[in-house]
J.: 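Before I ask anything, let me first share the structure, which is written out below as structure tokens.
In what follows, chains are A, B, ... by sequence order, proteins preceding strands, each numbered from 1.
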2 protein chains.
Amino acid sequence: MSNAYNRPDQLSPELRRRVLDTARRLGYPGPDPVARSLRTRKAGAVGLLLTENLSYAFRDPAAIGFLEGLALACEDAGTGLLLVPANPEREDVASVHRAGVDGFVVYSVPDDDPHLAAVLERPVPTVVCDQPDLGTVDRVGIDDRGAMYELAKHLISLGHRRVGVVCMRLARDRNDGFVTADRQHAAHFHVQRNRLSGLAEAFSEAGVDWSQVPVVERFDHNTASGASGAAQVLDKDPQITALICTSDVLALGAMTEAARRGLRVPHDLTVTGFDGIRAGEEAGLTTVRQPVLEKGRAAGKLLLDASERSRPRSVNLSTELIIGKTSGPPRGGAEERWFGP
Amino acid sequence: MSNAYNRPDQLSPELRRRVLDTARRLGYPGPDPVARSLRTRKAGAVGLLLTENLSYAFRDPAAIGFLEGLALACEDAGTGLLLVPANPEREDVASVHRAGVDGFVVYSVPDDDPHLAAVLERPVPTVVCDQPDLGTVDRVGIDDRGAMYELAKHLISLGHRRVGVVCMRLARDRNDGFVTADRQHAAHFHVQRNRLSGLAEAFSEAGVDWSQVPVVERFDHNTASGASGAAQVLDKDPQITALICTSDVLALGAMTEAARRGLRVPHDLTVTGFDGIRAGEEAGLTTVRQPVLEKGRAAGKLLLDASERSRPRSVNLSTELIIGKTSGPPRGGAEERWFGP
DNA sequence: AATTGGTTCTGAACCGTTACGGTCCTTTCA
DNA sequence: TGAAAGGACCGTAACGGTTCAGAACCAATT
């Protein structure tokens with residue numbers, strides 16, 4: 001029976017035809033994929049765990065790029081890609097337990113997420129992306145800290161000393177407002193924590209007291225958040241000369257807010273982002289470009305490449321500092337500040 | 001055993017603790033989801049079949065919107081969403097057979113696609129979207145023909161009689177060039193066929209000989225195709241006053257090409273799209289807006305709503321004609337043409 | 001003491017497939 | 001003609017759960 005469908009060479013064409021005929025006559029719909037998976041111990045799919053509502057992934061350009069890369073890798077391998085529903089509000093990890101997959105890709109979830117813990121308990125290979133290196137599973141990511149450090153150095157060389165920051169959510173709880181030093185350090189999102197830490201390091205080295213720098217957090221990740229975050233920072237300290245955002249989406253929102261206030265970018269205010277999305281490129285945004293598609297593809301390849309599973313691998317992709325039209329020397333000139341009070 | 005995990009009320013807490021303890025000690029990783037699926041006859045996932053390389057879906061804004069809506073519906077139901085790899089080049093339907101799912105959503109594939117045929121043979125509920133009504137499975141879509149008819153009427157009322165068309169692929173074979181009347185009629189993509197037919201009907205009613213209208217087809221769906229398609233139409237007949245594109249993405253590309261030629265839109269050339277994507281909105285594109293997200297959500301709901309499975313349902317969502325800044329009367333004025341030779 | 005009722009626990013059947021090994025039949029060659 | 005070899009076919013045992021019937025046990029009632 002099974003052979004008739006899957007192994008035509010194991011039996012005579014005549015028998016095969018007869019088997020298939022009677023199968024059709026009896027209304028047999030073909031081998032059941034689930035039973036096959038049970039027997040062969042292969043599900044033919046990899047699971048993707050996202051921290052957000054599934055639908056969020058389709059709104060964030062960086063996430064879409066990652067998804068595209070991952071889908072590409074899966075397609076090459078003829079594997080399905082299962083989007084696992086993981087509502088961050090409910091702590092319901094049943095969906096992780098229920099997922100019939102040969103492996104998991106975990107993309108940018110908080111490091112204390114119960115879904116992540118549930119994935120790690122499953123006896124299947126796993127790749128984490130934009131997460132801390134767990135040492136036990138494969139990882140792919142970028143040097144968020146170093147990239148942001150470099151961006152900060154650029155701003156510092158332009159003469160910026162009084163800056164503000166708008167960042168994405170730092171933990172699972174909603175905190176739309178200013179961020180304490182403690183919260184920055186304890187951030188559960190690896191990516192955000194490292195970007196902030198890169199900034200803090202660079203500016204501290206330049207003699208700036210980082211604890212005095214206004215850092216505003218936004219739970220939702222969209223341009224509206226970028227705008228309101230920028231407003232909150234500018235209200236707190238109208239004297240800042242640069243607004244550093246930890247994503248392009250936030251930066252684009254910040255630019256809208258700057259325009260609303262009549263601030264010219266970069267003459268009156270420098271704005272920077274992170275990611276290198278298309279819309280940012282079109283706006284001439286100064287940012288760090290990261291290879292989101294490659295990240296997805298690398299994650300997929302790592303997961304599907306059975307060889308060398310001996311010890312966990314860690315892949316770091318390279319980023320590129322893009323100096324666009326939204327960064328420039330602070331109003332009044334760099335020199336004034338260099339030698340000022 | 002099973003009860004210890006899933007039915008805590010069926011046994012005493014003491015035994016449950018003991019069972020779970022020894023399970024942990026033996027390194028038992030929890031119930032196997034595949035075995036459970038086999039027994040319960042529920043896979044906990046729905047499959048999505050797309051005609052294109054999986055990764056294409058993440059480049060097309062309309063497809064992303066659909067995906068988002070579908071993901072939303074799945075999330076609400078706690079169901080996974082399996083992206084089934086269906087390489088349109090190879091006729092390999094094994095991926096469809098291998099997919100362990102409780103149902104399929106089929107989105108905009110050619111009506112002669114072998115993958116679609118394979119899905120219909122599987123004994124699971126199916127919803128087709130942007131496809132002809134098969135009568136045997138649920139369907140969700142819009143009135144492509146009527147919407148395009150209305151758009152055409154708008155152009156006709158402005159005075160346009162000499163027009164050109166750029167459309168998406170009409171069949172599985174690549175044909176980057178002009179389209180015969182035969183090919184238009186026999187188009188295997190339901191959506192494109194109906195949009196063209198709506199145009200043909202409206203312009204025929206206005207006395208235009210549709211067989212003389214240049215219609216150019218592009219296999220790849222991106223702005224570059226829109227630009228080159230527009231170029232091909234304009235080269236063939238530089239006198240046309242309106243360029244009708246069957247998608248916003250193509251229309252945006254056409255606008256680029258118009259600008260390259262020094263044609264002002266809409267003064268020298270009217271350009272229209274279809275879909276109502278964000279980028280088109282920002283460009284002030286005249287287009288038909290369709291509720292892509294709602295389409296995805298409706299497809300998911302239809303599939304996951306077990307009730308009233310008696311006879312196939314068909315859902316038509318409504319569209320809206322958006323008159324933007326890219327359409328206007330033809331150069332020389334409408335009247336001149338109305339009463340001209 | 002026997003019946004009844006209720007709860008907790010155990011064992012076996014079943015889901016549908018694939019892998020494996022054994023039987024049988026045909027062919028080939030000494 | 002007989003033995004060996006090989007191909008075609010078939011039967012059966014897992015795979016790892018869920019479910020359900022019924023056994024075992026305890027307490028309360030007659």
J.: Has Arg36(A) got a side-chain N or O lying under 4.0 Å from the OP1 or OP2 atom of dT18(C)?
T.: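 Answer is yes, contact under 4.0 Å.
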
J.: Roughly, in whole Å, what's the span from NZ in Lys42(A) to C1' in dG16(C)?
T.: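 Result: 19 Å.
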
J.: To the nearest Å, give me how far apart NE2 (His97(B)) and P (dT17(C)) are.
T.: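 Going from NE2 in His97(B) over to P in dT17(C) covers 12 Å.
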
J.: Please determine if a side-chain N or O atom of Tyr5(B) lies less than 4.0 Å away from the OP1 or OP2 oxygen of dG16(D).
T.: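 For dG16(D), neither OP1 nor OP2 has a side-chain N or O of Tyr5(B) closer than 4.0 Å.
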
J.: By nearest atom, which of the nucleotides dG17(D), dG16(D), dT18(D) is closest to the Leu38(A) side chain?
T.: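 Nearest nucleotide to the side chain: dG16(D).
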
J.: Counting just side-chain N and O atoms, does Arg41(B) come under 4.0 Å of either OP1 or OP2 of dG16(C)?
T.: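 Indeed, a polar side-chain atom of Arg41(B) lies that close.
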
J.: Could you check Ala35(B) against Arg18(B) and say which one's nearest nucleotide on DNA chain C is further toward the 5' end?
T.: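 Between the two, 5'-proximity favours Arg18(B).
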
J.: Report the distance from atom CG of Asp102(B) to atom C1' of dC15(C), rounded to the nearest whole Å.
T.: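 That distance rounds to 15 Å.
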
J.: Would you call Arg172(A) and Asp111(A) a salt bridge, using N to O less than 4.0 angstrom?
T.: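 Answer for the salt bridge query: no.
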
J.: Between Asp102(A) and Lys42(A), does a salt bridge (Lys or Arg N to Asp or Glu O under 4.0 Å) hold up when you go through it step by step?
T.: CA-CA 6 Å; Asp102(A) 300 320; Lys42(A) 292 240 155 302; 5.3 Å; no

J.: For a quick test of reading the model, state the closest non-hydrogen atom pair linking Gly47(B) to Val84(B) and the distance between them.
T.: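 Scanning both residues, the minimum pair turns out to be CA-CG2, 4.3 Å.
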
J.: With hydrogens left out and only the distance checked, is there a donor-acceptor pair under 3.5 Å joining Arg39(A)'s side chain and the base of dT17(C)?
T.: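 It does not, because no donor-acceptor pair links the side chain of Arg39(A) to the base of dT17(C) below 3.5 Å.
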
J.: I need the minimum non-hydrogen distance between Val127(B) and Val140(B), along with the two atoms involved.
T.: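 Scanning both residues, the minimum pair turns out to be CG1-CG1, 3.8 Å.
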
